[in-house]
Amino acid sequence: MPILDKVSQKMATKMASSEEEPLPKLPVPPLQQTLATYLKCMQHLVPQEQFRKSQAIVRRFGAPGGLGETLQQKLLERQQKTDNWVSEYWLHDMYLNNRLALPVNSSPALIFARQHFYDTNDQLRFAASLISGVLSYKALLDSHSIPTDCAKGQLSGQPLCMKQYYGLFSSYRLPGHTKDTLVAQKSSVMPEPEHVIVACRDQFFVLDVVINFRRLSEGDLFTQLRKIVKLASGEDQRLPPIGLLTTDGRSEWAAARTALVKDSTNRDSLDMIERSICLVCLDAPGGGDLSDTSRALQLLHGGGCSKNGANRWYDKSLQFVVGRDGTCGVVCEHSPFDGIVLVQCTEHLLAHMMQSSKKLVRADSVSELPAPRRLRWKCSPEIQSHLASSAEKLQQIVKNLDFTVYKFEGYGKTFIKKQKCSPDAFIQVALQLAFYRLHGRLVPTYESASIRRFREGRVDNIRSATAEALAFVRAVVDHKADIPDQEKLQLLRDAIRAQTEYTVMAITGMAIDNHLLALRELAWDLCKEPPEMFTDETYLMSNRFVLSTSQVPTTMEMFCCYGPVVPNGYGACYNPQAEAILFCVSSFHSCKETSSLEFAKAMEASLADMRNLCSAPQPAPGQPPATKEEGPRPRSGPLTLTSNHH
Ligand code: COA
């Protein structure tokens with residue numbers, strides 16, 4: 001019995017007890033509190049005149065006996081009736097209603113440390129070990145033996161909701177004409193999936209992982225993968241790169257899928273992919289250098305259709321990429337789970353692989369296992385034309401992404417903790433400073449905050465562009481010379497405090513975004529006309545996140561990245577380590593105002609400024625603060641900007 005399966009049995013007992021206590025339900029924040037916070041979040045981000053108008057709208061909405069109170073009452077009733085009053089609204093708003101293509105716009109990627117594969121066999125051994133890890137992990141999930149996660153950092157120790165884990169290998173995002181559907185396979189209704197789909201040279205193969213009631217060993221999997229590579233190399237058998245269709249806009253893919261399912265061969269092939277455990281993409285070399293940035297791009301969009309862009313099936317929740325050139329990682333369809341769960345699962349798999357790499361896996365020379373089956377596609381001229389259009393749009397996605405991985409090596413969490421600050425809040429303030437440096441203004445910012453302390457909790461938003469952050473960045477950028485450092489340091493501490501307070505508010509279920517979303521959705525049902533509260537320009541603007549940020553920490557050598565969520569925006573994913581902070585910055589070339597490289601440079605300058613402020617000498621009690629010319633100022637240490645501008 002594999003080690004993990006033994007571990008799983010032991011853990012099953014532990015889990016059973018923790019499952020008896022259901023987590024608390026997500027609270028509904030008081031209406032007036034949310035409205036006041038909303039105004040506070042937006043006041044300094046919009047012109048004064050616009051704010052006054054919005055203030056009046058909010059006042060009417062929240063007036064006694066007004067629409068706000070009616071909706072709040074409906075929401076409280078919904079809270080009683082459901083496990084989580086926001087999860088369904090949130091899933092649709094955040095993912096399923098979004099019509100944009102999944103690569104870059106929605107699906108994040110986790111990039112592993114670069115692997116060194118001497119030959120194709122090495123690549124396939126890695127893939128076999130990974131699949132074997134997936135099967136062991138899935139066995140743990142199936143027996144509900146994954147130990148319950150506990151909150152770390154702020155308000156640590158509380159148990160967290162584990163529901164997302166059960167969507168890792170059993171979900172599929174079905175494209176729809178107006179909205180998608182998240183299909184969750186339930187073992188009681190459907191047979192358990194017992195196959196993985198292997199993509200190789202844009203062809204898809206069914207790799208059965210249980211044959212004659214026996215789970216394939218790593219050696220068996222390796223043998224089967226070798227057969228797949230051989231089958232895929234036969235040029236005469238090559239079929240059109242159907243995976244390209246899944247890279248298109250969701251409505252376009254839905255239209256193509258409607259054409260595809262007219263044929264029963266296609267229906268069977270789709271069915272096999274949709275019911276699979278996951279995809280494993282055996283990629284060809286990406287062709288570029290193997291820097292962090294280049295490898296991340298291979299994962300985010302596959303480099304377009306001439307490279308590995310069609311060697312994907314974006315609707316499937318987990319696509320493990322194992323590239324011949326050592327580019328490896330996971331592309332994830334985000335709707336069933338969040339980054340933290342993905343990292344937990346992946347670190348588990350990598351730990352399993354490290355164990356198994358000690359054994360040398362050999363192929364069976366006379367394998368009696370049936371050869372994996374290639375999925376067949378019948379392509380009508382209509383589908384050919386969809387393919388051509390999807391290919392063209394993928395090229396645009398590839399061309400448009402401006403992406404850079406930047407490792408700040410000046411300091412990390414250790415230094416920040418020594419300042420008695422929350423590292424996450426400190427980094428968020430640095431992001432605000434970087435944005436202000438480049439653009440001279442602050443913008444609605446999204447930072448994901450986990451609400452897994454609550455039943456079926458996913459995330460809410462920490463609005464990091466606080467008024468306190470604005471006061472600080474103005475002091476540093478606009479009043480560089482005329483505000484003493486001690487004053488700037490105080491403004492920095494105020495900004496970090498405000499950020500930390502918002503974080504605590506968000507992770508305890510008191511943030512405003514989910515609340516306003518639920519009120520808005522309830523209003524659609526209740527009102528003939530959309531209420532002014534939700535059509536007001538300030539509200540619309542509050543939901544265009546020009547800066548979309550997320551902390552995705554890892555304990556192993558890997559990092560997460562994703563694209564911006566608006567055309568003029570930045571995606572900024574960061575991984576704080578003890579002595580360094582890794583940033584993945586994305587933006588679009590089509591926007592003339594943004595530049596990922598410039599943003600990375602601005603981050604470097606901002607973190608250096610903040611370190612210098614923290615290290616500035618403190619005035620003796622009763623003494624005036626040191627001015628710029630007075631006290632000695634420590635120089636910033638060696639800050640490396642590993643620029644890989646795309
Ligand atoms: N002084 C000294 N140390 C402090 C401190 C202070 N004032 N404040 C915090 N710390 C310590 C914490 O105790 C913690 O210590 P640890 O490293 O031993 O665990 C560490 O600093 C990190 O804490 P902090 O930086 O405050 O952040 P956090 O880990 O609590 O993270 C969020 C904050 C918002 C990122 C987190 O709550 C969260 O929600 N994460 C999920 C994000 C997510 O969903 N990402 C994926 C989206 S797809």
Side-chain angles (χ1 to χ4, degrees), residues 26 90-91 94-95 105-110 149-158 160-161 164-165 167-168 317 330-347 411-431 445-454 457-464 466 492-511 513-514 545 548-555 558-563 565 571-582 584 586 610 614:
L26 182 68
W90 179 89
L91 180 68
M94 189 67 121
Y95 296 112
N105 301 309
S106 177
S107 295
L110 253 190
D149 289 344
C150 279
K152 296 189 190 126
Q154 302 287 342
L155 310 182
S156 57
Q158 291 172 353
L160 301 178
C161 177
Q164 293 177 44
Y165 282 90
L168 282 165
S317 312
V330 201
V331 186
C332 105
E333 197 292 288
H334 212 336
S335 60
F337 47 82
D338 298 317
I340 303 298
V341 167
L342 174 70
V343 169
Q344 289 287 103
C345 162
T346 308
E347 293 202 337
Y411 57 87
K413 284 200 291 184
T414 310
F415 169 80
I416 305 173
K417 284 187 198 174
K418 273 194 195 137
Q419 310 311 308
K420 300 196 172 34
C421 294
S422 145
D424 187 70
F426 192 97
I427 297 167
Q428 282 292 327
V429 174
L431 285 160
T445 303
Y446 186 100
E447 183 197 0
S448 31
S450 169
I451 48 168
R452 284 176 61 210
R453 285 169 173 79
F454 303 101
R458 295 283 300 261
V459 289
D460 204 336
N461 176 16
I462 304 167
R463 290 186 167 265
S464 308
T466 59
L492 169 60
R493 291 204 171 274
D494 291 347
I496 292 172
R497 185 188 31 76
Q499 177 70 21
T500 309
E501 280 169 10
Y502 205 124
T503 300
V504 171
M505 187 168 95
I507 62 180
T508 53
M510 286 288 137
D513 282 59
N514 283 345
F545 295 106
S548 166
T549 73
S550 189
Q551 181 189 143
V552 185
T554 63
T555 60
M558 61 175 141
F559 59 90
C560 181
C561 56
Y562 53 79
V565 297
C573 188
Y574 53 97
N575 184 348
Q577 300 291 312
E579 307 304 335
I581 311 166
L582 193 88
C584 291
S586 55
M610 286 165 65
C614 291

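Atoms within a ligand are numbered from 1 in the order they appear, just like the ligands themselves.
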Margin query: Please classify the S450 to ligand 1 contact at 4.0 Å (heavy-atom distances, strictly less than): side chain, backbone, both or neither.
Written below: both

Notebook entry, point to check: Does ligand 1 have a heavy atom under 4.0 Å from the side chain of V459, from its backbone, from both, or from neither?
Noted result: side chain

Checklist line | Check: T445 and R463 side chains under 4.5 Å, non-hydrogen atoms | finding: no

Checklist line | Side-chain touch R452/I340, heavy atoms, less than 4.5 angstrom | finding: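 SC-SC contact between R452 and I340 confirmed.
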
Next item on the list: Please name the residue in the list L342, D149, D338 that meets the side-chain contact (heavy atoms from CB on, under 4.5 Å) test with Q164.
Entry: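 For Q164, the side-chain contact (heavy atoms from CB on, under 4.5 Å) check succeeds only for D338.
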
Any idea which atoms of ligand 1 are less than 4.0 Å away from a heavy-atom of [X]?
| X | answer |
| --- | --- |
| T503 | 34 (C) |
| Q154 | 8 (N), 9 (C), 26 (O), 30 (O) |
| S448 | 42 (C), 43 (C), 45 (N), 47 (C) |
| A449 | 39 (O) |
| H334 | 48 (S) |
| S550 | 45 (N), 46 (C), 47 (C) |

Just to be sure I'm reading this right: ignoring hydrogens, which of [options] gets closest to [atom]? Compare them by their nearest heavy atoms.
| atom | options | result |
| --- | --- | --- |
| atom 16 (P) of ligand 1 | R452, K413, K417, K152 | K417 |
| atom 5 (C) of ligand 1 | C573, C421, G339, A506 | C421 |
| atom 1 (N) of ligand 1 | R453, Q419, K420, E447 | K420 |

Indicate the atoms forming the closest heavy-atom contact of [X] with [Y], along with that distance.
| X | Y | result |
| --- | --- | --- |
| A449 | I507 | CB-CG2, 4.1 Å |
| G571 | Y562 | CA-CE1, 3.8 Å |
| V459 | S450 | CG1-CA, 4.1 Å |

Next item on the list: Measure from the side-chain N and O atoms of N575 to the backbone N and O of T554, and report whether any donor-acceptor pair falls under 3.5 Å.
Entry: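 Side chain of N575 to backbone of T554: a pair is present.
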
Next item on the list: Output yes when a side-chain donor or acceptor of S156 lies under 3.5 Å from a complementary backbone atom of A151, and no otherwise.
Entry: no

Check: Within the structure, does at least one protein heavy atom fall under 4.0 Å of atom 47 (C) of ligand 1?
Finding: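 So atom 47 (C) of ligand 1 has protein heavy-atom neighbours under 4.0 Å.
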
Notebook entry, point to check: What do the steps show when you test D424 against E447 for side chain to side chain contact (heavy atoms under 4.5 Å, CB included), and what is the final call?
Noted result: CA-CA 10 Å; D424 187 70; E447 183 197 0; 2.7 Å; yes

Identity and distance of the protein heavy atom lying nearest [atom]:
| atom | answer |
| --- | --- |
| atom 27 (O) of ligand 1 | D424 CB, 3.5 Å |
| atom 21 (O) of ligand 1 | P423 CD, 3.1 Å |
| atom 31 (O) of ligand 1 | Q551 NE2, 3.8 Å |
| atom 37 (O) of ligand 1 | I507 CG2, 3.7 Å |
| atom 8 (N) of ligand 1 | S422 CA, 3.3 Å |
| atom 14 (C) of ligand 1 | G153 CA, 3.7 Å |

Margin query: Below the 3.5 angstrom mark, is there an N/O of D338, backbone or side chain, next to an N/O of ligand 1?
Written below: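 It does not: no N or O of D338 is found under 3.5 Å from an N or O of ligand 1.
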
Check: Could you walk me through whether C614 and L492 pass the side chain to side chain contact (heavy atoms under 4.5 Å, CB included) check?
Finding: CA-CA 9 Å; C614 291; L492 169 60; 4.0 Å; yes

Item checked: Partner residues of Y95 under the ring-ring contact (aromatic ring centres under 6.0 Å, His included) criterion, sequence neighbours left out -> W90, H334

Checklist line | Criterion side chain to side chain contact (heavy atoms under 4.5 Å, CB included) on F337 and C332, from CA distance to verdict | finding: CA-CA 9 Å; F337 47 82; C332 105; 3.7 Å; yes

Next item on the list: Answer yes or no for I462: is there a heavy-atom contact with ligand 1 below 4.0 Å?
Entry: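 Yes, that is the case, since the closest heavy atom of the residue is under 4.0 Å from the ligand.
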
